[in-house]
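Just so it is clear, the model here is predicted, and its values are computed rather than measured.
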Amino acid sequence: MAKLDKNQVLIFDTTLRDGEQSPGATMSLSEKIEIATLLDEMGVDIIEAGFPIASEGDFEAVSEISNIINGASVCGLARANKVDIERCWRAVENAKKPRIHTFIGTSPLHREFQVRLSKEEVLDKIFETVTYARSFCEDVQWSPMDATRTERDFLIQVVRIAIEAGASTINIPDTVGYTAPRESALIIEDLFSNITQMEEITVSTHCHNDLGMATANSLAAVEAGARQVECTINGLGERAGNTALEEIAMALRVRQDILPFTTNLDTRKLIQASRLVSTVSGFPVQFNKAIVGKNAFAHESGIHQDGMLKHAGTFEIMKPEDIGLIETNLVMGKHSGRAALRKKISDLGFNLGDNQLQDLFVRFKALADRKKEVYDEDLLALLSDNSMSRNDEFLQLIDLEVKCGTKSPQTAKAKIALEGNQHIVESTGDGPVDAVFNAIKKVFPHSAQLQHFQIHAVTEGTDAQATVSVRLEEAGKMVTGQSSDTDTVVASAKAYINSLNKLVLRRKKKAPNAALN
């Protein structure tokens, strides 16, 4: 492999693997391909596309992404056994730049309770499996899972063995978000001090955000010598999530004075990537999220507003356009045409095909008939409406009538398509939303439990669209659906149906037994 510039940092995106492990963040094949394509366009160096042994769906996704990605390396994850590694190779073998990423738990807790191996057995397993992976692929990455809770002398041993077996990248995962910045740096420094071969390979860092320090820990590791950062869009990931790609990208860009490192990222695509991943996953971005949150460039304080009017640099360390956030003066309404809509959508960071634009235009016109003015936030809500009717959906809402008010019971009458066959059902409930959900359940009986139901207004005013999020749990697996409409009950129905469609998709996937890094 070509030698990196000493100040270049590789971006390893694991949104499609670690990000999808977030409870409820199930993604379809077409959605994964759309995200992977955008990651490639924005200059991500390595895309971890999935865990091929986990299910046929994961294998298919990694294989399809391997076939279409032109710039980035495509990586698959494999546990430390030959079956996993061979399956991983079959998934990535057609990639222009394939990578196998294999791992094993190395901390005392993981050795005793997860892999159930002695130190000597772990060392033997590492040498055997990394050597086997290298027989398929020159680009092999290896990770000691729970590295930050592994005894330092043993961590040095396992890393040395992995390098001797042929690993070209060594990743140091903070699997449970346990470390802190100084310790994160010390671990990397210790490895460089004690293993001479470290200078010949790429050192990577993979941090979780359980204590809110994932980005700080990753940057500390970079300062200590790591030259690959594993991250996800919006910080998506298990528990509290992973290091956020957008935070790493902009920290390295803004603080060149103390972080003199470069990446291949086009940061102008960050807001587009954030919105796409939020749409696909059903996970809304918190308003005060760094870089890509709705309030990241908003100023309400009088002092701040006064400063901004005099010079934007008084209270902004980044320009909105640096992340692809562009304000426009193009007002949209019921008289706006396709050309204006296409221009507005392009300004918002999206490039839609003709069929996608036509679908959006129809829904935009329907919304414009109900609202005097359609704001950027309204269009983003339409774009993020992952309950849009598609012919391949398991369930579709065709029509809905609801009776509600002070007199009970509240009733719902719905026309719903189940695998293309339409059903008309009626039901009652404790409120209109409960009645609607009961009606849908008549068409598609299930045992999933409602874990989360949230409504928020997209814009101000009584005619504002409502965005509804619905999270369901079945057999320990969660799915999240989201939809928007000026009618809150309709938005609730579509979000519930979207979550059920994801539940059907989730049932087709079998999660691995082992915890992942």
Side-chain angles (χ1 to χ4, degrees), residues 4 8-22 25 35-36 39-40 42-51 62 72-78 88 92 97 99-106 139-148 159 162 167-179 181 184-185 187-188 191 201-210 213-249 251-252 261 263-265 270 273 277 515-517:
L4 287 178
Q8 183 181 357
V9 174
L10 300 176
I11 299 298
F12 178 113
D13 185 275
T14 184
T15 303
L16 301 178
R17 199 277 297 172
D18 208 335
E20 202 199 13
Q21 288 175 212
S22 299
I35 291 172
L39 293 174
D40 194 32
M42 71 187 293
V44 165
D45 299 286
I46 304 100
I47 299 171
E48 189 166 52
F51 188 27
V62 177
S73 298
V74 178
C75 177
L77 186 68
C88 182
V92 301
K97 292 186 280 186
R99 175 180 290 195
I100 295 173
H101 178 194
T102 185
F103 70 97
I104 192 171
T106 57
D139 189 358
V140 174
Q141 174 170 316
W142 180 78
S143 295
M145 186 162 62
D146 205 19
T148 56
V159 168
S168 52
T169 298
I170 297 293
N171 177 50
I172 304 300
D174 184 25
T175 303
V176 292
Y178 178 75
T179 196
S184 177
I187 291 171
I188 304 299
L191 294 175
I201 56 101
T202 300
V203 180
S204 177
T205 180
H206 175 117
C207 297
H208 281 259
N209 204 38
D210 297 69
M213 295 188 283
T215 297
N217 290 335
S218 295
L219 291 172
V222 169
E223 289 186 284
R227 289 297 177 267
Q228 177 179 292
V229 177
E230 302 201 359
C231 44
T232 62
I233 300 296
N234 297 337
L236 192 66
E238 292 186 275
R239 304 183 314 279
N242 290 351
T243 303
L245 181 150
E246 61 275 7
E247 294 174 13
I248 293 294
L252 294 179
F261 307 104
T263 73
N264 292 320
L265 289 174
L270 288 175
V277 170
L516 307 182
N517 66 316

Check: [X]/[Y] side-chain N/O donor and acceptor closer than 3.5 Å:
| X | Y | value |
| --- | --- | --- |
| Thr215 | Thr243 | no |
| Asp174 | Thr148 | yes |
| Asn264 | Asp45 | yes |
| Arg227 | Gln8 | no |

Does [X] reach the main-chain N or O of [Y] with its side chain, forming a donor-acceptor pair under 3.5 Å?
| X | Y | answer |
| --- | --- | --- |
| Ser143 | Met145 | no |
| Thr14 | Asp18 | yes |
| Glu48 | Gly76 | no |
| Asn209 | Gly241 | no |
| Asn217 | Cys207 | no |

Can you name the nearest heavy-atom pair linking [X] to [Y], along with the distance?
| X | Y | answer |
| --- | --- | --- |
| Ser184 | Thr179 | N-OG1, 3.5 Å |
| Pro144 | Asn171 | CD-O, 2.9 Å |
| Gln228 | Ser204 | NE2-OG, 3.0 Å |
| Ala273 | Ile233 | O-CG2, 3.5 Å |
| Asp146 | Val176 | OD1-CG2, 3.8 Å |
| Asp40 | Ile47 | N-CD1, 4.1 Å |

So His101 and Phe12, would you call those rings parallel, tilted or perpendicular, with 30° and 60° as cut-offs?
perpendicular

Taking side-chain contact (heavy atoms from CB on, under 4.5 Å) as the test, write out the residues that go with Ala49, two or more places apart.
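Scan of Ala49 (side-chain contact (heavy atoms from CB on, under 4.5 Å), adjacent residues dropped) gives Val62, Ile65, Val74.
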
Euclidean distance, [Y] [atom2] relative to [X] [atom1], rounded to 0.5 Å:
| X | Y | atom1 | atom2 | value |
| --- | --- | --- | --- | --- |
| Glu230 | Thr205 | CD | OG1 | 8.0 Å |
| Cys88 | Ile100 | SG | CD1 | 5.0 Å |
| Asp139 | Arg99 | CG | CZ | 4.0 Å |
| His206 | Ser218 | NE2 | OG | 9.0 Å |
| Leu236 | Cys231 | CG | SG | 12.0 Å |
| Leu10 | Thr169 | CG | OG1 | 7.5 Å |

Using side-chain contact (heavy atoms from CB on, under 4.5 Å), reason through Ile46 and Asp13 one step at a time and then give a plain yes or no.
CA-CA 6 Å; Ile46 304 100; Asp13 185 275; over 6 Å; no

Partners of Glu247 by salt bridge (Lys or Arg N to Asp or Glu O under 4.0 Å), sequence neighbours excluded?
Lys289

Please name all residues satisfying salt bridge (Lys or Arg N to Asp or Glu O under 4.0 Å) with Asp210, sequence neighbours left out, ordered by chain then number.
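Salt bridge (Lys or Arg N to Asp or Glu O under 4.0 Å) check on Asp210 returns Arg239.
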
Side-chain contact test, heavy atoms from C-beta onward, threshold under 4.5 Å: evaluate it for Leu77 versus Phe103 and give yes or no.
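In short, these two side chains touch, coming nearer than 4.5 Å.
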
Is any side-chain heavy atom of Pro181 closer than 4.5 Å to one of Met213?
yes

Output, in order, the C-alpha distance, side-chain angles, deciding distance and verdict of side-chain contact (heavy atoms from CB on, under 4.5 Å) for Ile248 and Ile11.
CA-CA 9 Å; Ile248 293 294; Ile11 299 298; 4.2 Å; yes

How far apart are the C-alpha atoms of Leu245 and Thr232, what are their side-chain angles, what is the distance that settles it, and do they pass the side-chain contact (heavy atoms from CB on, under 4.5 Å) test?
CA-CA 5 Å; Leu245 181 150; Thr232 62; over 6 Å; no

Mind running side-chain contact (heavy atoms from CB on, under 4.5 Å) on Leu265 and Val44 for me, showing each step along the way?
CA-CA 6 Å; Leu265 289 174; Val44 165; 3.9 Å; yes

